[in-house]
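Treat the numbers as computed from the prediction; the structure is a model and nothing was measured. Numbering of residues begins at 1 and proceeds along the displayed sequence.
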Amino acid sequence: MDTKLDTKTILEKEFKTGLRGYNQEEVDLFLDDIIHDYEAFKKTITELRTENERMQRGLESAQKRPAAGSAGTTNFDILKRISNLEKHVFGSKLFDQE
């Protein structure tokens, strides 16, 4: 992204004054606001680029991993495993209550 202005250019800009020229203090205050905005925009752009790169890397990494359950696992298999785990963890407690 090429821009014509940067904070240094704005800060160092001098305007010629004429007979009915602008109020120099108002121009300086306005330019200070512009510089502040440019700095905020530049910071936001940098943060967004960094976040975009991080998300791109995450997406590429996720695309390389095999999908969960792709090894022939069905919902029935998962429920069977959960049931076996429940029996293993809670089985003795369930039988002790009777």
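- Within the 4.5 Å cutoff, the side chain of Glu47 has no heavy atoms near those of the Glu51 side chain.
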Hey, can you pull the donor-acceptor pairs under 3.5 Å for the side chains in residues 29-41, sequence neighbours left out?
none

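- The shortest side-chain heavy-atom distance between Ile10 and Asp6 does not fall under the 4.5 Å cut-off.
- How far CD of Gln56 is from CG of Asn52: 5.5 Å, rounded to the nearest 0.5 Å.
- With a 4.5 Å cut-off on side-chain heavy atoms, Glu86 and Ile82 count as touching.
- With rounding to the nearest 0.5 Å, the separation of NZ in Lys42 from OG1 in Thr46 is 7.0 Å.
- Interatomic distance, Gln24 CD to Glu14 CD, rounded to the nearest 0.5 Å: 8.0 Å.
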